[in-house]
Amino acid sequence: MERRGVKVDRDYLAGLSKTFSEEIAKLEERIYEAACGPFTIGSPQQLGDVLYGRLGLKGGRKGKSGHYSTDVNELERLASEGVDCARLVLDWRQLTKLRSTYTDALQAVINPETGRVHTSFSLTGAQTGRLSSNDPNLQNIPIRTELGRKIRDAFVAEPGYVLMSADYSQIELRIAAHMADVPQLKEAFREGADIHNITAEELFGSVDRENRNKAKTVNFAILYGVSAWGLASRMGVPKDEGSAIIARYFERFPGIRHYIDETLQFVRQHGYTKTLFGRKTHFYPNIRSPNPSIRGGAERAAINAPIQGTSADLIKRAMARMDDALSDAGLDGVRMLLQVHDELVFEVPDGREEEAAEVVRRVMATAAEPALKLDVPLDVEVGWGEHWGAAH
DNA sequence: TATCGACGCCAC
DNA sequence: AAACGTGGCGTCGATA
């Protein structure tokens, strides 16, 4: 079997590491200045003691160890209250994270002979049927921040090829719309409408940027079985408002409420959930635990498992068919390299991009067939470029 | 030196 | 009672 892998630009990563290191050194000086002395910034315990002890700030304890929490929420709060040190530590955390987990770690695992990185995919890595990736994990390469996105540019195609990325668009919300039988959402997906705008209109009666962002948060949170408390905290609104938004959501989309109720009833009785293709995920005995924390966690996972699991089934069906489909189209030179839950990454010979995109799109979009007829189309966004960052 | 829990944070 | 699902992996600090 041919050994596949993705080519990584070592010199580029080395340059990023150096740039990050210079910034980190500057930040450390400024943090020590603001904190009235040196300490181990990377130690949450020490950082908590500095902030709430030496600097005398107000905050709460958390965790089993009884130390102060210094996570991003706490530091953002302090930063907004004018604590310069908190902002500096957040910047320091971002840079050290990128350097240690990505720019340094990836350089260390480049195969010297191939110039490629060879991850391992576990087919049983996740309860829901998703794959997992390890050694190194290539399913958590940064993309959300401008700085993090630079890491993606290190993943390149070999000369004469481009990297092609194919993403399922909103696949979990599409599956939820189908499984929960929500007319407005199914129609929106059929018409290619913006799903978060539809939800914003239903929830708030109008669409602007702020409402759309709130609706987006709600759409995803609902799939995870969020509580009023959790949603309110996530959206930065009072608990009453979170509770009202959830009530309104269920009023507008009663199918979602039905789905949740039916799923919980089934899993409590049988101890497992099923995807649309019939694959089971087991939740016994946690689903009947007398411990509310354990039981509540199992319930939220059970609400999510059929949706996340069906998505996993779909992309695996597409992957199983992909090489033959490419070969049948005379595209043997196309290599499927990575899977990132709703995305496939390929290396495609120059000049064959349009042909490859057509095959990839078709195989992914028809992955449910012939076993299932979905009420919503599966939309696939395809792009390509010299590196992964440019393929989106 | 190796391992582990806690904490924190990257992705979908 | 806890409070948003699925993962992997970095550092710190305690322990063997």
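Chain letters run A, B, ... following the sequence lines, proteins first and then strands; every chain starts at 1.
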Report task. For nucleotides 3-12 of chain B, just jot down a letter per nucleotide in 5' to 3' order: B, S or -, based on protein non-hydrogen atoms under 4.0 Å. Result -> ---SSBBBSB
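Taking a cutoff of 4.0 Å between a charged side-chain nitrogen and a carboxylate oxygen, A/Asp261 and A/Arg257 qualify as a salt bridge. Using a 4.0 Å cut-off between a side-chain N of Lys or Arg and a carboxylate O of Asp or Glu, A/Arg335 and A/Glu347 qualify as a salt bridge. Classification of A/Arg149 and A/Glu146 as a salt-bridged pair fails, no side-chain N sitting under 4.0 Å from a carboxylate O.
Contact of the A/His392 side chain with the A/Glu381 side chain is not registered, since no non-hydrogen atoms from C-beta on lie closer than 4.5 Å. Side-chain atoms of A/Phe20 and A/Thr103, non-hydrogen and from C-beta on, do get closer than 4.5 Å to each other.
Nucleotides of DNA chain C lying under 4.0 Å from heavy atoms of chain A occupy a range whose first and last members, 5' to 3', are C/dA1 to C/dG13.
Of the possible polar contacts, one joining the A/His118 side chain to the A/Arg4 backbone as a donor-acceptor pair under 3.5 Å is found.
Shown here is A/Arg361, whose CZ atom has more than 12 heavy atoms of other residues, nucleotides or ligands within 6.0 Å.
In the helix from B/dT1-C/dA16 to B/dC12-C/dG5, the terminal helix axes, each the rotation mapping four pairs' C1' atoms onto the next four within five end pairs, subtend 10°, rounded to 10°.
Taking the six-membered ring for Trp and the full ring otherwise, the centers of A/His196 and A/Phe220 sit less than 6.0 Å from each other.
Using cut-offs of 30° and 60° for the angle between ring planes, the A/Trp388 and A/Phe155 rings count as perpendicular.
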